[in-house]
> 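Have a look at this one before I ask anything.
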Amino acid sequence: MKFFRVLDKVVLKIEEFILGYSVIIIALMVVGNALSRAIFSYSLFFANEVSQIAVIVATFMGISYAARKGRHISMSAFYDLAPFKVRKIVSTIIPFLVAVVLFMLAYYSALYVQNVRESGTVTSALEMPAYIVYIAIPLGFFMGGIQFLRNMWINIVKREDVYLGTDAKDYNDEDKTKIDEATHL
C-alpha cells in the first residue's frame, strides 16, 4: 500500500506540473504574440499552434486532476437535496459509469492517434508529428478513468462520508461554520 501512496503522490505532482506549465505556456504564447503584433507588427508563426497544443494537453490531462479534487462538472440540484444514503449510492455508481465511458473514449482515441501516426500527419507551423500532440487525449481519458474508479472505491471503503473525489469530501457533509469561515475570508 505504501508503494501506491507514493505512486499517487508522484502522479499528482506530474499532473500539477503538466497543468501548471500548460497554462503558463498558453498565457505566454497568447500575450507574447499579441505584444509582438502590437509592437513589431510581426506575428510569431508558432504561437497559435503551441497555444492549441497546450490547451489540448491541459484539457485532457486535467480530467484526472479534476476528478481527484472533486472539481469536475456536476449537476447537483437533486443530489444536494438527497439524503445521505442516496448521495452515497449515487457517489458510488456514477463514478463507475463515468470510468467505463472514459475507458471507452481512451480506447477509441488511442485508435485515432494510431491512425494519425500511420498517416504521417505533421503540424503546420512546427512540422512535428501530429500524433505526439494527440497522445495526451487517450492518456488523459485513461488517467481520468482510473481516478473515477478510485473515487468509486473510496466511497465503498469509507462508509461514514461521501467523497466527490479522493481528495474531496462532499460539501453537503462539511460543517456549515467551516464553510462560512472559508468563504468569508
Side-chain angles (χ1 to χ4, degrees), residues 3-75 94-154 163-168:
F3 168 75
F4 288 115
R5 274 188 241 124
V6 171
L7 179 64
D8 184 48
K9 287 181 182 181
V10 169
V11 169
L12 175 63
K13 291 299 178 188
I14 291 170
E15 287 172 345
E16 289 173 343
F17 176 83
I18 290 171
L19 294 173
Y21 279 99
S22 293
V23 172
I24 290 170
I25 288 170
I26 294 166
L28 288 175
M29 288 294 113
V30 171
V31 172
N33 197 32
L35 289 175
S36 176
R37 270 193 311 243
I39 296 170
F40 304 113
S41 298
Y42 175 76
S43 183
L44 302 171
F45 73 95
F46 57 87
N48 273 346
E49 193 168 291
V50 171
S51 296
Q52 288 174 354
I53 292 168
V55 167
I56 290 169
V57 169
T59 300
F60 290 98
M61 296 302 290
I63 294 171
S64 174
Y65 186 79
R68 174 192 304 269
K69 299 295 183 181
R71 299 286 186 230
H72 43 80
I73 296 173
S74 62
M75 304 294 184
I94 289 177
F96 175 74
L97 296 175
V98 171
V100 169
V101 170
L102 287 175
F103 287 136
M104 287 174 39
L105 289 171
Y107 173 75
Y108 287 116
S109 62
L111 292 178
Y112 175 74
V113 170
Q114 183 64 27
N115 287 337
V116 170
R117 186 175 141 313
E118 289 171 357
S119 73
T121 307
V122 296
T123 61
S124 57
L126 299 175
E127 296 185 3
M128 65 185 272
Y131 76 91
I132 292 173
V133 174
Y134 298 137
I135 287 174
I137 298 170
L139 184 60
F141 283 141
F142 181 75
M143 295 296 292
I146 290 173
Q147 194 59 51
F148 274 101
L149 284 180
R150 292 183 68 217
N151 292 354
M152 177 197 70
W153 182 250
I154 197 167
Y163 286 83
L164 299 175
T166 54
D167 293 350

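These numbers were taken from a predicted model, which means no experiment stands behind them.
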> Which pair of heavy atoms, one from Ser109 and one from Phe141, lies closest together, and at what distance?
OG-CD1, 3.7 Å

> Do Leu139 and Met61 have side-chain heavy atoms sitting under 4.5 Å apart?
yes

> Run the numbers on Leu102 and Gln147 for side chain to side chain contact (heavy atoms under 4.5 Å, CB included), then give the verdict.
CA-CA 10 Å; Leu102 287 175; Gln147 194 59 51; over 6 Å; no

> If every non-hydrogen atom of Ala58 is compared with every non-hydrogen atom of Ser22, which pair is closest and at what distance?
CB-CB, 3.8 Å

> Given side chains that start at C-beta, do those of Met152 and Val98 come closer than 4.5 Å, heavy atoms only?
no

> Using the rule given for side chain to side chain contact (heavy atoms under 4.5 Å, CB included), can you reason through Val11 versus Met143, listing the C-alpha separation, both sets of side-chain angles and the distance that settles it, and then say yes or no?
CA-CA 10 Å; Val11 169; Met143 295 296 292; 3.5 Å; yes

> Are the side chains of Asp8 and Arg68 in touch, meaning some heavy atoms are under 4.5 Å apart?
yes

> Ignoring hydrogens and angles, tell me if any N or O in the side chain of Ser43 forms a donor-acceptor pair with the backbone of Arg37 under 3.5 Å.
no

> Testing the basics here: between Ala54 and Ile26, what is the closest heavy-atom pair and its distance to 0.1 Å?
CB-CG1, 3.4 Å

> Measure the shortest side-chain to side-chain distance between Asn115 and Ser119 over non-hydrogen atoms and say whether it is less than 4.5 angstrom.
no

> With heavy-atom distances below 4.5 Å as the criterion, would you say the side chains of Val50 and Leu28 are in contact?
no

> Would you give the length of the straight line joining atom OG1 of Thr123 to atom OH of Tyr134, rounded to the nearest 0.5 angstrom?
9.0 Å

> Search all heavy atoms of Gly145 against all heavy atoms of Ala99 and return the closest pair with its distance.
O-CB, 3.5 Å

> For Tyr42, is there any backbone N or O sitting under 3.5 Å from a side-chain donor or acceptor partner on Ser36?
yes

> Decide yes or no for Phe46 and Asn48: does some side-chain heavy atom of the first lie under 4.5 Å from some side-chain heavy atom of the second?
no

> Could you give the distance from NZ (Lys69) to CG (Leu164), rounded to the nearest 0.5 Å?
13.0 Å

> Taking everything shown except Glu127 itself, do over 12 heavy atoms lie less than 6.0 Å from its CD?
no

> At their closest point, which heavy atom of Gly144 faces which heavy atom of Ile63, and how far apart are they?
CA-CG2, 3.8 Å

> Answer whether the closest heavy-atom distance between the side chains of Ile53 and Met29 falls below 4.5 Å.
no

> If you take all heavy atoms of Phe148 and Pro95, which pair is closest and at what distance?
O-CB, 3.3 Å

> So, Glu49 side chain and Leu126 main chain: donor-acceptor pair closer than 3.5 Å or not?
yes

> Under 6.0 Å between ring centres, would you say that holds for Phe17 and Tyr21?
yes

> Would you compute the distance between atom NE2 of His72 and atom CG of Asn151 and round it to the nearest 0.5 angstrom?
5.5 Å

> Kindly assign one of parallel, tilted or perpendicular to the pair Phe142 and Phe103, based on the angle between their ring planes and the thresholds 30° and 60°.
tilted

> Output the distance between atom NZ (Lys9) and atom NZ (Lys13), rounded to the nearest 0.5 Å.
9.0 Å

> Which value, rounded to the nearest 0.5 Å, describes the distance between Ser64 atom OG and Ile14 atom CD1?
11.0 Å

> Taking C-beta and beyond as the side chain, do Thr166 and Tyr163 meet within less than 4.5 Å on heavy atoms?
no

